[in-house]
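All remarks here apply to the structure that follows.
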Amino acid sequence: MTNLVAHQMGIVVRTLLKTDWHTVSKIYKEGIATGTATFEIECPNWKEWDDKYISNCRIVAIFNNEVVGFAVLSSVSKREVYKGVAEVSVYVSEGFRGNNFGETLLKHLIVKSEAHGFWTLQANIFSKNIASINLHKKCEFRIVGIREKIGKRDGKWYDNQLLERRSKVVN
């Protein structure tokens, strides 16, 4: 796929359903394989994944009747004062990266998050994952810091950029 601009109207964004899990887990495994999308090294099962992500803020992007990406939110804390703060995860299938699917997903997730009362979204992104950092900046996230050697993967320490977006809709 080379030129999404001509096919922009062909993208459908909808709620992620349990029946999407097979494809979503494949996309997540592709992200794991990059070594720059997550510190995870194994894909969880549906139950573990379902427990981790906020149920009313999960979406998929569909192109040509195929799930090509997903975006979800997870809680940063169970404390009441942080109920409006969530962490963003966006994944796009390998063959569809670089074609605005991530931007489409993230923009839709922002709207959905605000409809559910989230005032701050944050993202922890590997410092070397420039494409993801730029995607988030394009969607009004700002870098608030660098978390040096925050986690280890495959025996190597990695830094994460901490980005956040404050809602202009939710106080």
Side-chain angles (χ1 to χ4, degrees), residues 11-63 65-97 101-129 131-133 135-136 139 141 147 149-165:
I11 302 172
V12 175
V13 176
R14 68 158 168 78
T15 299
L16 188 154
L17 307 171
K18 183 178 181 180
T19 54
D20 296 320
W21 176 242
H22 176 72
T23 306
V24 165
S25 66
K26 279 179 47 179
I27 294 168
Y28 187 63
K29 288 174 189 174
E30 289 176 0
I32 291 170
T34 67
T36 62
T38 179
F39 282 110
E40 301 298 332
I41 56 171
E42 292 181 9
C43 184
N45 63 40
W46 166 256
K47 171 80 171 99
E48 293 165 333
W49 195 89
D50 186 45
D51 288 345
K52 182 177 179 178
Y53 295 102
I54 298 167
S55 62
N56 59 13
C57 287
R58 303 175 185 176
I59 57 176
V60 292
I62 299 173
F63 185 72
N65 297 315
E66 178 183 353
V67 173
V68 298
F70 69 91
V72 293
L73 293 182
S74 57
S75 296
V76 298
S77 174
K78 295 192 183 297
R79 293 177 57 199
E80 182 67 19
V81 303
Y82 295 114
K83 70 180 180 185
V85 182
E87 184 170 349
V88 173
S89 294
V90 179
Y91 287 82
V92 176
S93 182
E94 191 171 28
F96 294 89
R97 293 180 193 146
F101 288 104
E103 182 179 352
T104 299
L105 281 162
L106 188 50
K107 285 181 175 177
H108 276 80
L109 188 62
I110 289 166
V111 170
K112 194 168 193 67
S113 74
E114 290 175 336
H116 286 89
F118 289 92
W119 59 78
T120 299
L121 298 180
Q122 69 179 38
N124 289 290
I125 304 172
F126 281 70
S127 293
K128 65 183 188 174
N129 192 342
S132 187
I133 292 168
L135 163 66
H136 285 75
C139 293
F141 282 71
R147 302 176 81 196
K149 296 182 180 178
I150 190 67
K152 221 179 210 187
R153 180 173 168 156
D154 302 323
K156 183 178 177 191
W157 288 101
Y158 288 94
D159 297 347
N160 270 187
Q161 304 280 323
L162 175 60
L163 292 90
E164 76 172 18
R165 182 189 185 278

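Values reported hereafter were calculated over all heavy atoms of this structure, with side chains retained and with hydrogens, waters and symmetry mates removed.
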Keeping the roles fixed (side chain from Arg58, backbone from Thr15), state whether a donor-acceptor pair exists under 3.5 Å. no

In this structure, CH2 of Trp46 is separated from NE2 of His22 (nearest 0.5 Å) by 14.0 Å

Using atom types as modelled and distance alone, determine if a side-chain donor or acceptor of Arg153 lies under 3.5 Å from a backbone N or O of Thr36. no

Donor-acceptor contact below 3.5 Å, side chain Arg14 vs main chain Ile62: no

Could you grab the distance from atom OG of Ser75 to atom CD of Glu87, nearest 0.5 Å is fine? 10.5 Å

Sub-3.5 Å donor-acceptor pair from the side chain of Asn124 to the main-chain atoms of Leu162, do we have one? no

Worked verdict on Asn160 versus Phe126 for side chain to side chain contact (heavy atoms under 4.5 Å, CB included): CA-CA 4 Å; Asn160 270 187; Phe126 281 70; 3.9 Å; yes

Quick check: closest heavy atoms across Leu109 and Leu73, and the distance to 0.1 Å? CD2-CD2, 3.8 Å

Side-chain (Asp51) to main-chain (Glu48) donor-acceptor, under 3.5 angstrom: no

Any side-chain heavy atom of Ile150 sitting closer than 4.5 Å to one from Phe39? yes

Shortest non-hydrogen contact from Thr34 toward Gly31: OG1-O, 2.6 Å

Specify the closest pair of heavy atoms between Ile27 and Gly69, including all atoms of both residues, with the distance to one decimal. CD1-N, 3.7 Å

Scanning both residues in full, the closest heavy-atom pair of Cys139 with Ile110 reads O-CD1, 3.8 Å

Side chain proximity check, Val72 to Trp49, heavy atoms < 4.5 angstrom: yes

Residue pair Pro44 / Tyr28, side-chain heavy-atom distance below 4.5 Å: yes

Shortest non-hydrogen contact from Ala37 to Tyr91? O-OH, 3.4 Å

Residue pair Val85 / Trp119, side-chain heavy-atom distance below 4.5 Å: yes

Atom pair CG (Leu105) and NZ (Lys112), whose distance is rounded to the nearest 0.5 Å: 12.0 Å

What pair of heavy atoms forms the shortest contact from Val76 to Ala86, and how long is it? CG1-C, 3.9 Å

What distance do Asn129 atom CG and Tyr158 atom OH have between them, rounded to the nearest 0.5 Å? 11.5 Å

Residues in side-chain hydrogen bond (donor to acceptor under 3.5 Å, both in side chains) with Glu164, at least two apart? Arg142, Arg166

Side-chain touch Cys57/His116, heavy atoms, less than 4.5 angstrom: yes

Using atom types as modelled and distance alone, determine if a side-chain donor or acceptor of Arg97 lies under 3.5 Å from a backbone N or O of Val92. yes

Can you check whether Arg79 reaches Val81 side chain to side chain, under 4.5 Å on heavy atoms? yes

